[in-house]
Amino acid sequence: MAEWDIRKLQILRTLRERGTVTATAEALHMTPSAVSQQLTNLSRQLGVPLLQAHGRRVRLTDAARLVLAHTEAVFEQLERAEAALAAYTGGEAGEVRVGAFPTSVPALVVPAVRALRATHPGVTVRVREAEAAEAYDLLTASEVDLALSLAAEAPSAADPRITQVPLLADPLDLALPPDHPLAAAPALTLTDLAAEPWIFGGSGPWSDITRRACEAAGFSPHQGHSASGWTAILAMVEAGMGVALIPRTAATRRDGVVMRDLGPAAPVRHVTAAVRRGGETGRAVARVLDALRNAARSCATGSPAPCAGQTAPR
């Protein structure tokens, strides 16, 4: 098979456009002798004559024109590749794999993806739903490029593999049945519900968060029922089976449940983004992080209502 040299083909193409070796040399910042030598080498590589004398000039042979006719598609594709590479290095294109715990997908990831489609349509986000602790495992295993998780589940801050980016302090609102005696109380604290049956998961981060919040308020919650999905928890609250703490990003509008803001003293769960150390310098990853920060800011300004109207497990 003939040996195709893109640089030499570019010289031949320029000669066709400029008409003379001297003009070609000027256009390509070469010497005329270097242009002639490169074209002689190309002719030898392809096994066909490319130039023929025409007075004091040279002109392309039919073989040279045939070669260029077939290589125009190559030059076009190289232009496309160059443009794509420029977009990639400029952060305008690329694929970012995101591992995210369930409630963060509709509350943060989906709004971020929508924003990116409008501002940076060349950046593709591929989402993989995972539990909070698993998201970090996927990140360290290089199966995702960015992990959305809870700070409580994060590896040690001294872990040299990971850079954590705080995104959101997600307040925990109190869910009460509408006929509860304290549903319309002017002010409410967790201590006021110390004797109530509480509904939360049997294990995992949500169990820990609920227990810690209640213990910080001075009591140990009595677990009346165990559930990990917000739909199930809110259904039980609506039925008067107990009360629950619900992250604001996970709350769903439900006519049969009263959601109460616990004010400045409300417990929070901290949502973080994490990347492998140094990964935050990647342009496409940086675009996704910026979009997630904007989505988190929108959530942070909300009241006891969902950021995205979602129903999701923890």
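Numbering starts at 1 and runs along the sequence shown. This one's a predicted model, so the numbers in the text were calculated from it and none came from an experiment.
Residues satisfying the side-chain hydrogen bond (donor to acceptor under 3.5 Å, both in side chains) test with Q38, not counting sequence neighbours, are none. Every residue meeting the side-chain contact (heavy atoms from CB on, under 4.5 Å) condition with R16, not counting sequence neighbours, appears here in chain and number order: R13, L60, R65, L68, E72. Take V125 and apply the side-chain contact (heavy atoms from CB on, under 4.5 Å) test, not counting sequence neighbours, and it matches V98, V113, L116, V127, V288. Residues satisfying the side-chain contact (heavy atoms from CB on, under 4.5 Å) criterion with A213, sequence neighbours excluded, are L190, L245, P267. Residues forming a side-chain hydrogen bond (donor to acceptor under 3.5 Å, both in side chains) with T272 (at least two apart in sequence, or on another chain): Y136. With sequence neighbours left out, A273 forms a side-chain contact (heavy atoms from CB on, under 4.5 Å) with L146, L148, V165, L167, L289. By the side-chain hydrogen bond (donor to acceptor under 3.5 Å, both in side chains) test, T31 is found to be paired with S33, residues two or more places apart in sequence or in another chain being considered. With sequence neighbours excluded, the residues forming a side-chain hydrogen bond (donor to acceptor under 3.5 Å, both in side chains) with R126 are E95, listed by chain and number. Legend: residues meeting salt bridge (charged side-chain N to carboxylate O under 4.0 Å, His left out) with D5, ordered by chain and number and at least two apart, are K8.
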### Task
Take Q45 and L42, measure what side-chain contact (heavy atoms from CB on, under 4.5 Å) needs, and give me the verdict at the end.
CA-CA 5 Å; Q45 289 169 350; L42 179 62; 3.9 Å; yes
### Task
Begin with the C-alpha distance, continue with both residues' side-chain angles, and end with the deciding distance and a verdict on side-chain contact (heavy atoms from CB on, under 4.5 Å) for I209 and L150.
CA-CA 11 Å; I209 289 171; L150 301 176; 4.2 Å; yes
### Task
With side-chain contact (heavy atoms from CB on, under 4.5 Å) as the test, would you mind laying out the steps for V243 and W198 before giving the verdict?
CA-CA 5 Å; V243 299; W198 287 79; 3.7 Å; yes
### Query
Checking salt bridge (charged side-chain N to carboxylate O under 4.0 Å, His left out) for the pair D170/R248: CA distance, chi angles, key distance, verdict?
CA-CA 6 Å; D170 189 15; R248 193 163 294 174; 5.9 Å; no
### Query
Would R7 and L28 satisfy side-chain contact (heavy atoms from CB on, under 4.5 Å), going step by step from the backbone distance to the final call?
CA-CA 11 Å; R7 175 58 177 166; L28 298 177; 4.2 Å; yes
### Query
Can R212 and S207 be said to form a side-chain hydrogen bond (donor to acceptor under 3.5 Å, both in side chains), step by step?
CA-CA 9 Å; R212 282 198 297 266; S207 174; over 6 Å; no
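Put simply, CG on L15 and OG1 on T20 are 7.5 Å apart, with the number rounded to the nearest 0.5 Å. Taking OG from S298 and CG from L108, the interatomic distance works out to 9.5 Å, rounded to the nearest 0.5 Å. Rounded to the nearest 0.5 angstrom, H54 NE2 and Q52 CD are separated by 8.5 Å. Rounding to the nearest 0.5 Å gives a distance of 7.5 Å between CE of M259 and CG of L174. Interatomic distance, R57 CZ to T22 OG1, rounded to the nearest 0.5 Å: 9.0 Å.
Residues I162 and V275 have side chains not in contact (no heavy-atom distance under 4.5 Å, counting atoms from C-beta outward). Looking at E26 and R18, their side chains never come closer than 4.5 Å, going by heavy atoms from C-beta outward. Looking only at side-chain heavy atoms (C-beta outward), Q223 and I199 stay at 4.5 Å or farther from each other. Side-chain contact between F219 and L193 is absent, with no heavy atoms from C-beta onward closer than 4.5 Å. Side-chain contact between L46 and W4 is present, with heavy atoms from C-beta onward closer than 4.5 Å. Counting heavy atoms from C-beta on, the side chains of T61 and V48 never come closer than 4.5 Å. Side chains of L172 and T210 form no contact here, defined as non-hydrogen atoms less than 4.5 Å apart.
Using modelled atom types, no side-chain atom of T71 and backbone atom of V74 make a donor-acceptor pair closer than 3.5 Å. With hydrogens and angles disregarded, no donor-acceptor distance shorter than 3.5 Å links the side chain of S43 to the backbone of L39. A donor-acceptor pair is defined here as one N or O able to donate and one able to accept, closer than 3.5 Å; such a pair exists between the side chain of H225 and the backbone of M241. Panel note: side chain H180, backbone L182; a donor-acceptor pair is recorded below 3.5 Å. Side-chain atoms of D192 come within 3.5 Å of backbone atoms of T189 as a donor-acceptor pair (strictly under, hydrogens ignored). Proximity of a side-chain donor or acceptor of R269 to a complementary backbone N or O of A152 within less than 3.5 Å is not detected.
Nearest heavy-atom pair across G99 and A135 is O-CB, 4.2 Å. Contact between A100 and S104 at its shortest, heavy atoms only, is CB-OG, 3.3 Å. Between T191 and A217, the closest heavy-atom pair is OG1-O, 3.2 Å. Taking both residues in full, the closest heavy atoms of A130 and P102 are given as O-CD, 3.4 Å, listed atom of the first, atom of the second, then distance. Of all heavy-atom pairs spanning P111 and P106, the tightest one is CD-O, 3.3 Å. Contact detail for A183 and P178: the closest heavy-atom pair is CB-O, 3.7 Å.
Note on I6: it does not cluster hydrophobically with L66, by side-chain heavy-atom contacts below 4.5 Å among ILVMFWY residues. Residues V110 and W230 fall within the same hydrophobic cluster, defined by Ile, Leu, Val, Met, Phe, Trp and Tyr side chains chained together at heavy-atom separations under 4.5 Å.
Among residues at least two apart or in separate chains, salt bridge (Lys or Arg N to Asp or Glu O under 4.0 Å) pairs with a member in residues 133-151 are R97-D145, R128-E143, D145-R276.
Side-chain contact check for T163 and R277: at least one donor-acceptor pair (N or O, by modelled atom type) lies under 3.5 Å. Between the side chains of E196 and H222, no donor N or O sits under 3.5 Å from an acceptor N or O.
No more than 12 heavy-atom neighbours from other residues, nucleotides or ligands sit within 6.0 angstrom of CG on D62.
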